[in-house]
Amino acid sequence: MNYGRKNTRDEAVHMRPLTVSRSFYGVFTDDLKKPVFDRGLAWFLILTAGTIFATYFTNSIISSFWSLLLLVLYYRSDDEPMWLAFFLVTVDGFLGFMGMYSVTLTLFPGLPAIEISQFYVMLAVIKAFSGRSRHPVFYKKYMQILGIYLVFLILWGLVMGLTSELNMYMRVLKTSLPFLLIFALPRLMPDLLAYKRFFGIVFIIVLTAFALQLFSLITGIYPAEAFVSAGEENADDEAFRTFYNAISTLIGMFGALMFLSIKGKTGFNTWLLLLVVFASFMMAVLSATRGWIISFGFIIAMFALLVQTRDTRKIIQLAVVAAILIFAGSRSGRIRDQIEYSRERLITIESISAGDPTAEGTLHRLDVRGPKVMKIWRQSPLFGWGFSDTGFSASDGHVGNQTLLMFSGLAGFILLNGFFLYFMYMIYVAYRNSTRAAPFRNGYLVFIIFLTGWFIIHSTSSQQFYFNTVPLRVIPQAVFLGMSVLWYNLSLVTRKQANV
């Protein structure tokens, strides 16, 4: 089977049964050498600028026409990486503009507007499943089990009580359909070059978000504050808690670490990758978001300890980048004060071990939010409340594990967390099966480390893993899993080569 460049529907129809050939490895190594940035970045910027203008500076008729045009252009295009990055910023924002529920399309009068990212998912699924898959997906059967349980939760929600109104049925559809993107993306982006091009754009998003965060912190000016509210997580006080493009930052750090883990050339400048890692961590620090600080700190520390033990040059380079930028930032009193504020918030966690669940009055997950959700869960412990009125109203994104338990029940909680264990086991097996000389071998460790750190965010800061998901949450998960397909199949190829 060819590990081809484009994933057009005409090509997919003629694909042979799923196999992993040695040409897969050859094209993968060729992709490593190819440049990242091309005209796709220019198109991304043009489309993003046009969307910001149409959304905030025109009337509803023009913005609706623009949204329809975007969807038509996407369906006729095969530049999946660029469009994936574009639809990500429509829900995650760019330069302070856009975000959740901002770029929408109204189908029928009287019904809530629908994000165009939802239509993107539908079109992506149609494009992906109009032909045969290029590569085997190692987690496919387990993901199908999760999909079956999701359908069960929809039916269970009807039994538990769902208001018989069209807008509620639309809500069920909008929070269940995005799950299909996990199946679609490996078909739409079947090669490394596609992910390189996607991450090339995401790295630009991360760096602009970091620059904007520094600008807002130092000047107190939010460029789009007349149109949108800034930040991923805002505190009740007047402290600076802004975190631009949190989801793009999350997946951007993953991409940077993945390409840093590869031996040899990757098409990315090492300094760019190191800068993305530093910017990601500092955005978490400057936002004073404890769960993200702990998660990113854990990921970077484990990466340095386990992944880069044979190449200390990159660790030294990262330390040099960090030292230079920290020194530059220390010249600003506002940045120094913000870092001190973050440090004070972080050390309040020590009071939890001393028996204070509020962390000196700065945390309400353990004593208020968590118990409230668990009280609802105890009324239906096995299957939870599913896609019901209670399931939706009782959900609290600040307590990820409790909300997952309440919504999907003990059965769903075990199934979803079981998938994480299954995934890490399979990736570890692939790591053991790959040859020591393989340039991509350290990447398997990055998958395991990053998923663990991701789960820390889910458990301590904001819910990341759902059955009732939305495009903003599912896009990074689909990218993460889609790349894992490439790495897992590479282990099969190198194992065959070793046995020859």
Q: Please list all pairs passing the side chain to side chain donor-acceptor pair (under 3.5 Å) test where one or both residues lie in residues 200-217, with sequence neighbours left out.
A: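 Qualifying pairs, neighbours excluded: Ser216-Tyr244.
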
Sequence neighbours excluded, which residues qualify as side chain to side chain donor-acceptor pair (under 3.5 Å) partners of [X]?
X	result
Arg432	Tyr428
Trp43	none
Trp454	Gln464
Tyr101	none

Q.
Is there a side-chain contact between Leu490 and Tyr444 in this structure, where contact means two heavy atoms from C-beta onward sitting under 4.5 Å apart?
A. yes

Could you tell me whether [X] and [Y] have their ring centroids closer than 6.0 angstrom?
X	Y	result
Phe447	Phe480	yes
Phe138	Tyr142	no
Phe465	Phe420	yes

Q | Rounded distance [0.5 Å steps], CG in Leu185 versus CE in Met483 | A |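 Interatomic distance, Leu185 CG to Met483 CE, rounded to 0.5 Å: 11.0 Å.
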
**Q.** Minimum heavy-atom distance between Ile182 and Val474, given as atom pair plus value
**A.**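 In terms of heavy atoms, the two residues are closest at CG1-CG2, 3.9 Å.
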
(Q) Quick check: closest heavy atoms across Trp292 and Ser462, and the distance to 0.1 Å? (A) NE1-OG, 4.0 Å

Restricting to side chain to side chain contact (heavy atoms under 4.5 Å, CB included), what partner residues turn up for [X], sequence neighbours left out?
X	result
Ile456	Ile294, Ser295, Phe298, Thr460
Thr175	Phe387, Phe392, Asn468, Val470
Ala256	Phe203, Leu273, Val276, Val277
Val72	Arg76

Q.
Holding to salt bridge (Lys or Arg N to Asp or Glu O under 4.0 Å), I want the full list of residues that pass it with Arg343, two or more places apart in sequence or in another chain.
A.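 Glu340.
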
Q | For Arg441, salt bridge (Lys or Arg N to Asp or Glu O under 4.0 Å) partners two or more places apart | A | none

**Q.** Pairs touching residues 194-222 that satisfy salt bridge (charged side-chain N to carboxylate O under 4.0 Å, His left out), sequence neighbours left out
**A.**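 Checked against salt bridge (charged side-chain N to carboxylate O under 4.0 Å, His left out) - neighbours excluded - the pairs reaching residues 194-222 are Asp38-Arg197, Asp79-Arg197.
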
